[in-house]
Amino acid sequence: MADRELLARHRSVLPNWLALYYEQPIEIASGQGRRVTDREGRTYLDFFAGILTNAIGYDIGEISDAIRAQVDTGVLHSSTLYLIKSQVELAEKIAQLSGIPDAKVFFTNSGTEANETALMLATQHRRSDQVLALRNSYHGRAFATVGITGIRGWSASALSPVKVSWVHGGYRYRSPFRDLPDADYVRACVADLREIIETTTAGDVACMVVEPILGVGGFAAPPDGLFGEFKKVLDEYGILLVSDEVQTGWGRTGEHFWGIQAHDVVPDAITFAKGLGNGLAIGGVVARAELMDCLGANSISTFGGNPLATTGALASLNYLLEHDLQANAAQLGAHLLDGLRAVAAAYPVVGDVRGKGLMIGLELVGPGETPDPAAATALLEETRERGLLVGKGGRYGNVIRLAPPMTLTRAEADEALEILTQSIEAVAKEAQR
């Protein structure tokens, strides 16, 4: 079979640590709307969207046409040494949408690079190499971003250019504060933050980096308002707040355009990537001008913000706004959550159903709520067999992640619910044997 031949070639020339889904990995050969077809000709409803990146869907005319028009000019690249109209227009729109006063934007090629840039800006502005991060967070695969990633399975090196202190709050399901009411949970996490600053740092911390919803960490979220309370403590010390919106941005959470807005706070910087380009490689940072302009040395980005990526991203962002996909995410996300919680009530193998909008996590557990990564792997395979692609993550690898394109329809949501129900039932029966 073609996929098996390609798998053998993949394993011979690509790193062993480059993860592949499924016992028999697939190659996605084409896509239309919310569906993809593999090289063997089998079609799937896609509920992971290239790790939340194909946020609008596949073969969207308005986006494809804009990209083709730019390709037809013959200019795919010019670098930041020259003016790029689509880059300026996209930056203007993102600066306005950010809610950050006097905002400026710098474009990169990925979320990793965006977070590396934010760390460089914050440490330079504050003249400090100390950083606060959330436990169970993920921020990228480069040197500094690995350093602030709070999941051991994704921390490839113990070496780091920054000194990191870890704070409770993002992952409530296994938190020591989990049984507290929301207000008490927030107070306990705020007290932990203050103690961490006062006991593990010199006080002059550069920044705190937070994911409003932990992405790789299993789509876990704290109570609304937590990061607003954190910001009050950070302000006492002059510590900057950076919101990593690589997965939560662009209205995916439904209730807000940026995940951090659920906490009634405006951060000093927002990092973004993934869904902005609907598959094109683009990321960036939007920050207060004082912070963005703090670098004294020359700097450029050879590929960041190139004409092709910014043209496609501008078309994607315009499509998202014009079709109010944020509202669609809110409506269908609530429908999916209601359906999945009903299923979970019948099958104890699903210990937690959580999320916002079209960003939903199912935590698979065994007796005593122990993490069950084998059940998550089995569910991944069961859904694929039934024609649904989903994601996996979490600290223990026991969380199924659902993040379909935001153009999802009600009929497709119901189709996915049916497949998930059948798959969960199959996994539950196998676990009982």
Side-chain angles (χ1 to χ4, degrees), residues 1 3-4 7 11 18-28 34-38 40-49 51 136 151-154 171-174 178 214-220 333 335-355 358-404 412-433:
M1 296 176 70
D3 281 346
R4 291 181 181 177
L7 174 61
R11 287 175 171 162
L18 197 61
L20 286 167
Y21 274 172
Y22 306 116
E23 184 178 343
Q24 294 295 327
I26 63 175
E27 179 191 3
I28 294 175
R34 275 69 53 196
R35 298 184 192 273
V36 295
T37 301
D38 68 18
E40 303 293 330
R42 184 167 184 189
T43 297
Y44 306 87
L45 180 59
D46 187 1
F47 254 55
F48 204 38
I51 319 178
N136 300 296
I151 305 175
R152 180 181 297 173
W154 290 93
Y171 181 32
R172 189 172 185 174
Y173 184 64
R174 298 189 186 278
R178 62 173 284 177
L214 301 176
V216 173
F219 287 176
H335 177 62
L336 285 166
L337 281 167
D338 287 344
L340 290 167
R341 284 172 177 150
V343 175
Y347 298 103
V349 69
V350 183
D352 192 30
V353 177
R354 57 184 180 244
L358 293 177
M359 193 172 184
I360 297 170
L362 309 176
E363 180 147 355
L364 281 296
V365 300
E369 294 188 308
T370 56
D372 194 341
T377 298
L379 187 55
L380 192 81
E381 296 285 354
E382 289 285 347
T383 55
R384 179 228 170 157
E385 278 298 311
R386 291 173 170 80
L388 179 70
L389 303 184
V390 299
K392 188 160 68 76
R395 174 181 173 185
Y396 304 99
N398 68 318
V399 180
I400 291 297
R401 296 197 288 161
L402 310 176
E412 290 165 342
D414 287 338
E415 179 184 348
L417 274 174
E418 183 177 357
I419 292 173
L420 284 161
T421 300
Q422 294 170 352
S423 300
I424 290 168
E425 180 180 9
V427 170
K429 285 182 178 178
E430 184 63 29
Q432 292 171 355
R433 292 182 179 179

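Here the side chain of R401 pairs no donor or acceptor atom with the backbone of F48 at under 3.5 angstrom. The backbone N or O of D3 lies less than 3.5 Å from a partner atom in the side chain of E40, making a donor-acceptor pair.
Distance OH/Y22 to CG/L380: 4.5 Å, rounded to 0.5 Å. The distance from atom CG of L362 to atom CG of N398, rounded to the nearest 0.5 Å, is 10.5 Å. One distance of note links CZ of R354 with CZ of R341; it measures 10.5 Å at 0.5 Å rounding. I28 CD1 to T43 OG1: the interatomic distance, rounded to the nearest 0.5 Å, is 11.0 Å. For the atom pair CG (L388) and CG (L420), the distance works out to 5.5 Å, reported to the nearest 0.5 Å. Taken to the nearest 0.5 Å, the CZ atom of R172 stands 13.5 Å off from the CG atom of L214.
Residues I419 and L45 form no side-chain contact, since every pair of their non-hydrogen atoms from C-beta on lies 4.5 Å or further apart. Residues L358 and L336 have side chains in contact (heavy-atom distance under 4.5 Å, counting atoms from C-beta outward). Between V349 and L379, every side-chain heavy-atom pair lies at or beyond the 4.5 Å cut-off.
A413 and H335 get closest at one heavy-atom pair: CB-CD2, 4.2 Å. Across V350 and A344, no two heavy atoms sit closer than the pair CG1-CB, 3.7 Å. Among all heavy-atom pairs drawn from P373 and Y396, the shortest one is CB-O, 3.3 Å. Taking both residues in full, the closest heavy atoms of R395 and N136 are given as CD-OD1, 3.1 Å, listed atom of the first, atom of the second, then distance. In terms of heavy atoms, Y44 sits closest to D38 at OH-OD2, 2.9 Å. In plain terms, the two heavy atoms of A49 and A403 that are nearest each other are CB-O, 3.5 Å.
The salt bridge (charged side-chain N to carboxylate O under 4.0 Å, His left out) analysis of residues 364-393, with sequence neighbours excluded, yields the pairs R178-E369, E382-R386.
Remark: P348 pairs with no residue by the side chain to side chain contact (heavy atoms under 4.5 Å, CB included) rule, at least two apart or across chains. In this view, E418 satisfies the salt bridge (Lys or Arg N to Asp or Glu O under 4.0 Å) rule with no residue, not counting sequence neighbours.
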Apply side chain to side chain contact (heavy atoms under 4.5 Å, CB included) to residues V365 and Y173 and explain how you reach the verdict. CA-CA 12 Å; V365 300; Y173 184 64; 3.7 Å; yes
Steps toward side chain to side chain contact (heavy atoms under 4.5 Å, CB included) verdict (I400, T383): CA-CA 11 Å; I400 291 297; T383 55; over 6 Å; no
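Salt bridge annotation for E415-R34: absent, with no cationic side-chain nitrogen under 4.0 angstrom from a carboxylate oxygen.
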